[in-house]
K.L.:
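Shown below is the structure under consideration.
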Amino acid sequence: MLDIKRIRENKDEVNELLKRKGDYDITYLLDLDTKRRNMITEVEEKKAEQNRVSKLIPAYKKEKKDVKEILSEMKILSEEIKILDDELRQIDDEVKRLLLETPNTPNPDVAVGKDENDNVELRKWGVPRDFEFEIKPHWDLGTDLNILDFERAAKITGARFSMFIGKGAKLERAIINFMLSVHTEEDKYIEVSTPFMVNRDSMTGTGQLPKFEDDAFKMLDKDLFLIPTAEVPVTNYYRDEILDEDQLPISYTAYSPCFRKEAGSAGRDTRGLIRNHQFDKVELVKFAHPDKSNEEHDKLTSDAEKILQVLGLPYRVIELCTGDMTFSSAKTYDIEVWMPSYGRYVEISSCSNFEDYQARRANIRFRDKETQKTRYVHTLNGSGLAVGRTFAAIIENYQQVDGSVLIPEALVPFMGGLSVISK
RNA sequence: GGAAGCGUAUCGAAGUGGUCAUAACGGGACUGACUCGAAAUCAGUUGAACCCUCACGGGUUCCGUGGGUUCGAAUCCCACCGCUUCCGCCA
């Protein structure tokens, strides 16, 4: 969340930045804030009086003074305080709620725009292959090779679920292992394996709640949610903690399944692996020093890009404009892989710098060595990469005229030496 | 699922109705002394958030969470959450 002091002291600037993201206004929030502070002053004066007199009472009793009158006065004061405290709590809750529903301000350097049409292409890598035959989309390729089964997945569970069969299941596992190996061995991320269900505080810490509860799968008899991304458990790992400055940056990578309701995308990408309710992802998460987070953001993005380079999959990197960024992000780079069946680039990774927005929500701080004061860390994350979409991109880009699929060289060792999947 | 115990600031931990909550005691961290330097030793410093104030400074809250009793709660009562141990069950 945003710092209420920053909003108070830089009202116009914050308002202007928020408008770049969408239709947000902080006027009401600031009015409530003023009211809240006035009430705090009032109730704290009464509490100071209560504390002062309470300290005198034992001494009076010792001197055998009659304290009856004082006690009855204190009772009245105590009741006044209780009433004010109740009112104050309501205002507090409202201020908190408004703050939690206010998005992060975009980094001032980010291109101002309304939607994905205003995103900025930063760079391209690789050249999409020229096919001399009619290509198959991955859902047909996979079904024909008997490595994917969407029909039975729909029978077992429903639409937007998939099953990986035989070499397909092995390829999925190989992709996960390959990504984790690169990130842990070359890029020095620490691998973690997390719970796939999280509580309300965790979902609030990273920004999924309270605003986007409809997007998450929730348990019926417990206040727990299936994770929409490993970002949630991994970022919340340090919730309510104070880290040492020397520890930063801390980099984690985690494999996890991700569960999303995909509310509001009915009819889009209905076939194949592109938009499922459950998909696998290898995630990268960093806790960075605030002065270094932009560098770390660039590094994290290139760590994700490297996976596509080694797999030989053409991609481009775009910077999301202010209007297309997610709620919690200050700056986001999307990596899009070339998907032959779509005839265009498709998002395969989203790398964001949240600056102190999540850290403030989740209360993740570090102690500044010089001043010995606490400061909020900057949190970052990105997919490194989405496994289902990587699977789809591999089989589509590496398909051959006979319907078989070549395994990218880097994956062959993870496939037990297998270099082609055919019927 | 049954039984018992526990939850105190960076960590361990004492505190069982008041004037010992900046919270004893210990560790850690930081500063200084000693040293060529380090270790050891000695001395000192060291919680967070919020409100008022240009500032100096003053004040409030926080003992797992939420309620209750009381003039006053870490302490008494109720509910919930989490952890540990034993039993049962299970991978």
Side-chain angles (χ1 to χ4, degrees), chain A residues 1-10 29-100 193-205 209 218-219 221-225 233 236-248 250 287 356-357 359-377:
Chain A
M1 76 195 139
L2 299 178
D3 181 5
I4 185 72
K5 278 189 209 152
R6 177 185 163 215
I7 301 177
R8 205 183 286 152
E9 285 157 22
N10 310 279
L29 172 63
L30 279 176
D31 285 349
L32 261 190
D33 174 58
T34 307
K35 197 170 165 195
R36 173 178 168 270
R37 283 186 296 150
N38 289 337
M39 284 199 72
I40 287 173
T41 307
E42 190 186 350
V43 73
E44 282 187 353
E45 274 169 15
K46 287 188 191 289
K47 283 181 180 172
E49 170 72 3
Q50 185 182 45
N51 288 341
R52 195 182 62 79
V53 176
S54 279
K55 276 182 191 164
L56 297 174
I57 289 175
Y60 288 161
K61 278 190 171 171
K62 224 177 197 171
E63 295 166 26
K64 299 250 173 357
K65 272 193 192 171
D66 183 15
V67 292
K68 244 193 191 122
E69 202 173 313
I70 296 175
L71 290 191
S72 67
E73 278 170 17
M74 284 298 99
K75 190 163 178 77
I76 293 167
L77 183 62
S78 163
E79 272 156 18
E80 286 174 359
I81 288 171
K82 196 173 270 180
I83 290 165
L84 284 173
D85 261 342
D86 280 350
E87 274 178 59
L88 182 58
R89 174 182 299 243
Q90 283 179 29
I91 293 175
D92 257 339
D93 288 350
E94 180 72 353
V95 168
K96 191 87 195 282
R97 186 184 66 79
L98 288 169
L99 276 175
L100 287 174
S193 176
T194 74
F196 300 149
M197 290 185 226
V198 293
N199 59 30
R200 186 167 285 274
D201 285 344
S202 294
M203 289 287 273
T204 305
L209 295 185
K218 197 188 156 199
M219 298 297 118
D221 54 357
K222 273 251 176 193
D223 201 21
L224 295 177
F225 300 82
N236 279 280
Y237 187 60
Y238 288 121
R239 173 150 50 83
D240 292 322
E241 293 194 30
I242 300 171
L243 306 169
D244 288 335
E245 186 173 351
D246 295 339
Q247 289 178 267
L248 303 177
I250 303 172
F287 302 85
D356 65 1
Y357 186 83
R360 208 175 278 282
R361 285 175 163 250
N363 195 27
I364 306 169
R365 293 166 293 171
F366 71 97
R367 195 171 296 281
D368 187 299
K369 270 201 131 173
E370 203 162 315
T371 64
Q372 287 294 308
K373 288 278 164 204
T374 55
R375 292 177 70 184
Y376 288 102
V377 301

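Here is the naming used below: chain letters follow the sequence lines, and residue numbers restart at 1 for every chain. Excluded from the calculations below are hydrogen atoms, water molecules and symmetry mates; all remaining heavy atoms, backbone and side chain alike, are included.
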K.L.:
Could you tell me which nucleotide pairs with C42(B) by Watson-Crick or G-U wobble geometry, both distances under 3.5 Å, or answer none if nothing does?
P.N.:
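Paired with G32(B).
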K.L.:
Considering only the P atoms, how many Å lie between U45(B) and C52(B), rounded to the nearest integer?
P.N.:
32 Å
K.L.:
Output the rounded distance in Å from NZ (Lys82(A)) to P (U61(B)).
P.N.:
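Interatomic distance, NZ of Lys82(A) to P of U61(B): 15 Å.
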K.L.:
At under 4.0 Å between heavy atoms, what does Asp244(A) touch on the DNA or RNA strands: base, sugar-phosphate, or nothing?
P.N.:
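Counting heavy atoms under 4.0 Å across all strands, no contact is made by Asp244(A).
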K.L.:
So what's A13(B) paired with, Watson-Crick or G-U wobble, going by both distances under 3.5 Å?
P.N.:
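Partner of A13(B): none found under 3.5 Å.
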K.L.:
Taking atom P in both A24(B) and G12(B), compute the distance separating them and give it to the nearest angstrom.
P.N.:
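Pairwise P distance, A24(B) against G12(B), rounds to 15 Å.
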K.L.:
Roughly, in whole Å, what's the span from CD in Glu44(A) to P in U61(B)?
P.N.:
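Atom CD in Glu44(A) sits about 8 Å away from atom P in U61(B).
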K.L.:
Quantified in whole Å, what is the P atom distance between nucleotide C20(B) and nucleotide G59(B)?
P.N.:
15 Å
K.L.:
Does C50(B) have OP1 or OP2 sitting under 4.0 Å from an N or O in the side chain of Thr41(A)?
P.N.:
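Answer no for this pair, as no side-chain N or O of Thr41(A) is under 4.0 Å from OP1 or OP2.
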K.L.:
Whole angstrom is fine here: how far is it from CG in Asp92(A) over to P in C51(B)?
P.N.:
10 Å
K.L.:
When rounded to the nearest Å, what value does the distance between C1' atoms of C71(B) and G66(B) take?
P.N.:
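Their C1' atoms lie roughly 24 Å apart.
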K.L.:
Would you mind classifying the nucleic acid contact of Lys5(A) as base, sugar-phosphate or nothing, using non-hydrogen atoms under 4.0 angstrom?
P.N.:
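Since only primed, P, OP1 and OP2 atoms lie under 4.0 Å of Lys5(A), the category is sugar-phosphate.
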K.L.:
Could you check how far CZ of Arg8(A) sits from C1' of C51(B), rounded to whole Å?
P.N.:
9 Å
K.L.:
Of all heavy-atom pairs between Gln50(A) and Met74(A), which one has the smallest distance, and what is that distance?
P.N.:
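So the minimum-distance heavy-atom pair works out to CA-SD, 4.5 Å.
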K.L.:
Of the nucleotides A49(B), C50(B), G72(B), which has the atom closest to the Ile40(A) side chain?
P.N.:
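Among A49(B), C50(B), G72(B), the one nearest the side chain of Ile40(A) is C50(B).
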K.L.:
Under a 3.5 Å cutoff, is there a donor and acceptor pairing between the side chains of Asp31(A) and Thr34(A)?
P.N.:
no
K.L.:
Write down the distance separating the P atoms in C86(B) and G72(B), rounded off to the nearest Å.
P.N.:
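It works out to 44 Å between them.
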K.L.:
Does the structure show a Watson-Crick or G-U wobble partner for G7(B), both distances under 3.5 Å? Name it, or say none.
P.N.:
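When the pairing criteria are applied, C81(B) turns out to be the nucleotide that pairs with G7(B).
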K.L.:
With a 6.0 Å cut-off (strictly less than), is the heavy-atom count around CD of Glu9(A), excluding the residue itself, greater than 12?
P.N.:
yes
K.L.:
Return the value, rounded to whole Å, for the distance between atom CD of Glu42(A) and atom P of C51(B).
P.N.:
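Atom CD in Glu42(A) sits about 16 Å away from atom P in C51(B).
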K.L.:
How far apart are the closest heavy atoms of Leu84(A) and Met39(A), and which atoms are they?
P.N.:
O-CE, 3.7 Å
K.L.:
Is G88(B) paired to anything, Watson-Crick or G-U wobble with both distances less than 3.5 Å, and if yes, which nucleotide?
P.N.:
none
K.L.:
Looking at U61(B), I'd like to know if its phosphate oxygens (OP1 or OP2) sit under 4.0 Å from a side-chain N or O belonging to Asn51(A).
P.N.:
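Answer yes for this pair, as a side-chain N or O of Asn51(A) is under 4.0 Å from OP1 or OP2.
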K.L.:
In whole Å, measure the gap between the P atoms of G64(B) and A14(B) for me.
P.N.:
13 Å
K.L.:
Across all strands, who's sitting opposite C20(B) as a Watson-Crick or G-U wobble pair, both distances under 3.5 Å?
P.N.:
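Paired with C20(B), as far as the under-3.5 Å criterion goes, is no nucleotide at all.
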K.L.:
Is the phosphate of G18(B) approached by Lys55(A) (side-chain N or O, under 4.0 Å from OP1 or OP2)?
P.N.:
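It does not, given that no N or O in the side chain of Lys55(A) lies less than 4.0 Å from OP1 or OP2 of G18(B).
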K.L.:
Is the shortest side-chain N/O distance from Arg37(A) to OP1 or OP2 of C52(B) below 4.0 Å?
P.N.:
yes
K.L.:
Rounded to whole Å, how long is the line connecting atom CD of Glu79(A) with atom P of U69(B)?
P.N.:
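Nearest whole value for this atom pair: 10 Å.
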K.L.:
Between Asp33(A) and Arg37(A), does at least one N-O distance fall below 4.0 Å, as a salt bridge requires?
P.N.:
yes
K.L.:
Respond yes when some side-chain nitrogen or oxygen of Arg365(A) is under 4.0 Å from OP1 or OP2 of U10(B), and no when none is.
P.N.:
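Answer is no, no contact under 4.0 Å.
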K.L.:
Flag yes if more than 12 heavy atoms outside Tyr237(A) fall under 6.0 Å of its OH atom; otherwise flag no.
P.N.:
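Result for OH/Tyr237(A): open.
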K.L.:
Tell me which of Lys222(A) and Met74(A) sits closer to the 5' end of RNA chain B, going by the nucleotide each one is nearest to.
P.N.:
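Whichever sits nearer the 5' end wins; that is Met74(A).
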K.L.:
For Arg89(A), answer base if it contacts any base atom (sugar-phosphate contacts may also be present), sugar-phosphate if it contacts only those atoms, and nothing otherwise; contact means non-hydrogen atoms under 4.0 Å.
P.N.:
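Sugar-phosphate only.
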K.L.:
Considering all heavy atoms of both residues, which atom of Val377(A) and which atom of Ala359(A) are nearest to each other, and what is their separation?
P.N.:
O-CB, 3.2 Å
K.L.:
So, do Phe225(A) and Leu209(A) sit near enough that their side-chain heavy atoms are less than 4.5 Å apart?
P.N.:
yes
K.L.:
Rounding to an integer number of angstrom, what distance separates U41(B) and U84(B) when you compare their C1' atoms?
P.N.:
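Going atom to atom, C1' in each nucleotide, I get 39 Å.
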K.L.:
What is the distance from CZ of Arg36(A) to P of C50(B), rounded to the nearest Å?
P.N.:
9 Å
K.L.:
With sugar-phosphate meaning primed atoms plus P, OP1 and OP2, does Ile57(A) contact a base, only sugar-phosphate, or nothing at under 4.0 Å between heavy atoms?
P.N.:
base
K.L.:
Answer with base, sugar-phosphate or nothing: what part of the nucleic acid does Ser54(A) contact at a heavy-atom distance below 4.0 Å?
P.N.:
base
K.L.:
Output the rounded distance in Å from CG (Asp201(A)) to C1' (C80(B)).
P.N.:
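Atom-to-atom, Asp201(A) to C80(B), this comes out as 14 Å.
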K.L.:
With a 4.0 Å cut-off on heavy atoms, is Ser72(A) in touch with a base, just the backbone sugar-phosphate, or nothing at all?
P.N.:
nothing
K.L.:
In whole angstrom, give me the gap between the P atoms of G88(B) and C77(B).
P.N.:
32 Å
